[in-house]
Amino acid sequence: MIIALDGPAGSGKSTIAREVAKRLGLRYLDTGAMYRTVTLLALEAGLVPDRIADVGALAATAPLRLEERENDLTRVFVGGREVTDEIRGRLVSQNVSAVSAEPAVRAVLTEKQRQEAVQGNVILEGRDMGTVVVPEADVKVFLTAGIEERARRRQLQLQVQGVWQPLDELIADIAARDAYDSRRALAPLRKAADAVEIDTTGMTIEEVVAAVCALAARKGGESAPTVLVGPAKAPEPPVDPRWGTKWPLCGMVRGPLDTLLYRFLFFFVPEMVRFLYRMEITGAENVPAIGPVVLASNHRSNLDPFFLGVSSPRMIHFMAKAELWSFKPLGWIIEKLGAFPVKRGAADRGAVRRALEVLDAGAVLGLFPEGRRQREKDLGEIQAGVAMFSLREGVTTIPVVMRGTDRVVRDRLPRFSRVRVTFGPAVEVPGDELPRSQRAAVATERLVEAFQVLLSETSGRT
Ligand code: DC
């Protein structure tokens with residue numbers, strides 16, 4: 001089975017191709033990544049814009065290697081150097097059309113792509129798969145979507161990589177690239193005569209994936225329609241009436257991602273801990289019973305997640321430092337408790353994706369926005385990335401201040417000193433009244449203010 005998937009920038013090709021590949025057990029080839037890598041190398045060698053004719057030779061000798069990853073962008077290497085993130089940068093995006101219009105570059109990369117395709121069982125994604133690279137493909141799909149929707153998707157993809165680009169800038173970039181890719185003389189972006197066009201505007205990923213899989217299943221059967229048009233609006237996700245009520249025995253407020261181990265421990269741990277540490281928990285009613293919540297807490301001790309967990313009426317999915325997973329049994333347990341690892345000091349896309357999954361499911365995400373424990377200061381610098389989660393639609397952000405957690409262990413011995421946990425009122429994040437480009441900074445400022453208020457209200461009471 002060979003599937004050729006073409007379409008303009010941001011039409012959703014990569015997401016759809018990866019998912020279809022997973023479901024049908026196919027390999028996946030992101031040919032845009034190949035053009036992007038050659039563009040990066042050409043920029044570094046100073047061949048763009050004046051010596052583009054020399055880029056073909058560079059493409060022919062570059063030791064390019066793509067490595068598929070489940071649920072993530074393809075990893076790209078040149079020799080031993082990884083360029084996965086660099087090739088998605090703005091400079092590469094702005095120059096890739098010019099480089100990919102160069103005949104010598106196309107000749108080299110088309111040949112590499114064909115070599116991949118002849119091995120079969122593959123889905124190839126690009127601009128000229130159905131027309132030039134694999135005109136013999138079993139299934140050909142041409143994805144389209146409105147430009148604004150494509151720009152939004154691209155914005156989200158960049159956000160996940162920790163990069164912010166305003167929407168109007170993205171619309172302009174994509175329109176320029178569309179024009180260039182469609183008008184070039186060689187292998188322009190064009191729907192093959194026998195390709196099925198799917199307009200994905202307003203369609204969910206699942207609907208598009210299902211449509212492509214259905215075409216694959218029908219291969220050889222009756223002829224397919226040539227245009228499938230998606231519904232005008234994505235259907236609202238159903239609200240499960242169970243969330244928000246309490247689990248019968250443990251008394252924890254139900255959430256869509258609750259795990260058995262967490263629920264089991266919630267049955268007896270919180271009461272015991274609250275008693276031993278004479279815990280004072282205030283404002284827990286600020287945590288809404290249903291819907292996505294970010295609990296953003298200050299951080300003084302490794303035990304903070306534990307104390308926050310016993311104070312919160314809902315299960316918390318903590319973003320925790322990846323080092324905890326190096327001791328396998330511990331990693332296993334905290335994973336079963338709903339936590340997931342984050343590599344600190346790096347743009348960890350996997351962690352961001354899991355955090356967004358937690359919120360999209362309508363569960364509670366636990367974060368320590370200072371990034372690491374603070375020993376001296378009351379509040380460390382708040383990481384700008386937290387705003388990305390707070391600004392997500394429908395998310396309630398609750399600031400939490402914990403006091404006394406740094407005193408429960410002294411000289412490696414446990415002490416049952418008092419612990420106080422205060423949940424603040426929800427932080428109001430900016431909406432349409434501000435341009436998108438300013439919202440993240442304002443949301444961060446408001447979170448800092450909220451922490452300061454809570455810290456001053458609780459100071460001197462430890
Ligand atoms: O899919 P993408 O945005 O990563 O692709 C980057 C650029 O590479 C795109 O603007 C045009 C070019 N390209 C191409 O010319 N032919 C392909 N098969 C794939 C990409």
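Whatever order the structure lists ligands and atoms in, that order sets their numbers, starting from 1.
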In terms of side-chain heavy atoms, does [X] have a donor or acceptor partner in [Y] at a distance below 3.5 Å?
X: Thr84; Y: Glu82; result: yes
X: Ser14; Y: Glu125; result: yes
X: Arg153; Y: Thr200; result: yes
X: Ser97; Y: Asp181; result: yes

Could you list which atoms of ligand 1 come closer than 4.0 Å to a heavy atom of [X]?
X: Gly32; answer: 4 (O), 5 (O), 19 (C), 20 (C)
X: Gly126; answer: 18 (N), 19 (C)
X: Ser97; answer: 10 (O)
X: Met129; answer: 18 (N)

Whether over 12 other heavy atoms sit under 6.0 Å from Glu433 CD: yes
Whether over 12 other heavy atoms sit under 6.0 Å from Arg23 CZ: yes
In the protein, which heavy atom is nearest to [atom], and how far is it?
atom: atom 18 (N) of ligand 1; result: Asp128 OD1, 2.9 Å
atom: atom 16 (N) of ligand 1; result: Arg106 NH2, 2.9 Å
atom: atom 12 (C) of ligand 1; result: Ser100 OG, 3.5 Å
atom: atom 4 (O) of ligand 1; result: Arg36 NE, 2.7 Å
atom: atom 11 (C) of ligand 1; result: Asp181 OD2, 3.4 Å
atom: atom 19 (C) of ligand 1; result: Thr31 OG1, 3.4 Å

Could you walk me through whether Arg18 and Glu68 pass the salt bridge (charged side-chain N to carboxylate O under 4.0 Å, His left out) check? CA-CA 9 Å; Arg18 256 198 320 266; Glu68 292 164 48; over 6 Å; no
Does at least one non-hydrogen atom of Gln113 fall below 4.0 angstrom from an atom of ligand 1? no
Please state whether Met34 comes within less than 4.0 angstrom of ligand 1, counting heavy atoms only. no
Where do Gly331 and Trp325 come nearest, in terms of heavy atoms and distance? O-NE1, 3.7 Å
Could you go step by step and tell me if Glu44 and Arg81 meet the salt bridge (charged side-chain N to carboxylate O under 4.0 Å, His left out) rule? CA-CA 14 Å; Glu44 288 176 346; Arg81 171 185 169 204; 2.7 Å; yes
Using a 4.0 Å heavy-atom threshold (strictly under), name the region of Glu102 that reaches ligand 1: side chain, backbone, both or neither. neither
Would you check whether Asp30 has a nitrogen or oxygen atom less than 3.5 angstrom from a nitrogen or oxygen atom of ligand 1? no
Winner among Arg127, Arg154, Arg177 once heavy atoms are compared against atom 17 (C) of ligand 1: Arg127
Quick check for you: to the nearest 0.5 Å, what is the distance between Asn298 atom CG and Leu379 atom CG? 7.5 Å
